[in-house]
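Here's the structure, in structure tokens; my notes come after.
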Amino acid sequence: MKQILHIRLRTMLGIACLMICVLPSTGNIGKTGTKVCPMTASFTSDWNSLPLSDVALINSYLSHIQEACRDYYVQRDEEIPTVSWYYVSLKELKAASLSANPTVQITFSLMPYSGAHNPVGIDEVTFAASYTGQVSLVEYRRTEDAAA
């Protein structure tokens with residue numbers, strides 16, 4: 001019972017963070033539903049340099065990101081790399097602008113690593129977050145292989 005309550009609270013926090021990111025003001029009503037977050041610093045361990053809403057989303061989705069990464073590398077029959085929050089960045093938020101209860105698509109860029117922080121490449125993972133709190137994996141893909 002405690003675990004179910006914990007999962008529900010974590011999901012509610014994620015939805016609250018989404019609302020903070022997607023609707024920072026009522027001025028967004030009627031505008032396009034796509035926001036591209038500039039990647040000024042691809043990855044950083046200085047969380048103070050990131051918008052707090054990005055940090056909240058990364059923290060809220062980190063376990064989902066780690067699980068998607070593990071599943072991707074298991075399917076490829078490769079060593080399962082590690083994913084740490086400082087190698088994850090928010091890339092994009094999208095939602096249907098005309099929907100009363102939109103499903104928001106959240107895309108993260110990440111750099112999984114093995115061993116002593118040896119990157120295996122750059123990956124992207126996209127999740128769909130419904131207004132009811134359901135989070136589902138849309139896509140996990142490799143965008144860039146590690147330098148040889």
Side-chain angles (χ1 to χ4, degrees), residues 1-74 80-144 146:
M1 185 66 177
K2 281 185 176 182
Q3 185 177 14
I4 292 171
L5 180 61
H6 178 69
I7 291 170
R8 285 187 179 175
L9 288 174
R10 205 169 71 201
T11 302
M12 295 295 280
L13 175 63
I15 291 172
C17 292
L18 279 174
M19 297 308 291
I20 290 169
C21 291
V22 175
L23 298 172
S25 72
T26 56
N28 285 335
I29 295 175
K31 292 184 180 178
T32 180
T34 301
K35 173 187 173 191
V36 176
C37 302
M39 301 247 314
T40 54
S42 296
F43 305 106
T44 180
S45 61
D46 178 16
W47 69 269
N48 289 309
S49 67
L50 299 172
L52 194 54
S53 57
D54 288 12
V55 174
L57 277 173
I58 291 168
N59 289 347
S60 298
Y61 277 81
L62 189 58
S63 62
H64 294 288
I65 294 167
Q66 291 168 333
E67 182 180 344
C69 180
R70 182 185 52 77
D71 292 347
Y72 176 79
Y73 285 94
V74 164
I80 299 170
T82 303
V83 177
S84 296
W85 69 267
Y86 46 85
Y87 286 140
V88 177
S89 64
L90 178 63
K91 180 178 180 187
E92 181 178 49
L93 292 171
K94 290 192 315 187
S97 60
L98 298 177
S99 176
N101 297 313
T103 295
V104 178
Q105 287 201 346
I106 306 164
T107 303
F108 296 96
S109 293
L110 59 139
M111 186 171 56
Y113 61 91
S114 62
H117 297 264
N118 300 319
V120 297
I122 306 291
D123 298 346
E124 283 184 3
V125 61
T126 302
F127 296 99
S130 74
Y131 70 96
T132 61
Q134 298 298 318
V135 175
S136 57
L137 177 65
V138 173
E139 179 184 32
Y140 189 103
R141 67 186 182 99
R142 168 66 51 88
T143 59
E144 185 181 321

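Below 30°, between 30° and 60°, or above 60°: for Y73 and Y140 the angle between ring planes is above 60°, a perpendicular geometry. Using cut-offs of 30° and 60° for the angle between ring planes, the Y61 and F127 rings count as tilted.
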With side-chain contact (heavy atoms from CB on, under 4.5 Å) as the test, would you mind laying out the steps for I58 and F108 before giving the verdict? CA-CA 8 Å; I58 291 168; F108 296 96; 4.0 Å; yes
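With hydrogens and angles disregarded, no donor-acceptor distance shorter than 3.5 Å links the side chain of Q105 to the backbone of A128. Between the side chain of S84 and the backbone N or O of Y86, no donor-acceptor pair lies under 3.5 Å.
Applying the side chain to side chain contact (heavy atoms under 4.5 Å, CB included) test to T107 and every residue at least two apart in sequence or in another chain returns K91, E92, E124, T126. Remark: R70 pairs with E67, V74, I80 by the side chain to side chain contact (heavy atoms under 4.5 Å, CB included) rule, at least two apart or across chains.
Identified under the salt bridge (charged side-chain N to carboxylate O under 4.0 Å, His left out) test for residues 97-121, with sequence neighbours left out: none.
Counting only heavy atoms from C-beta outward, the side chains of N118 and Y113 never approach each other to under 4.5 Å. Here the side chains of L110 and I122 are not in contact, with every heavy-atom distance at 4.5 Å or above. Here the side chains of V104 and L93 are in contact, with some heavy-atom distance below 4.5 Å. At least one side-chain heavy atom of D123 sits less than 4.5 Å from a side-chain heavy atom of P112.
In terms of heavy atoms, E139 sits closest to R141 at OE2-CD, 3.2 Å. Scanning both residues, A95 and P102, for their nearest heavy atoms gives CB-CB, 4.0 Å. Taking every heavy atom of both residues into account, V88 and V83 meet most closely at CG2-CG1, 3.7 Å. The two residues R142 and V120 have their closest heavy-atom pair at NH1-O, 3.3 Å. Shown here for T132 and S130, the closest heavy-atom pair between the two residues is OG1-OG, 2.8 Å.
Here S89 contributes atom OG and L57 contributes atom CG; the two are 12.0 Å apart, rounded to the nearest 0.5 Å.
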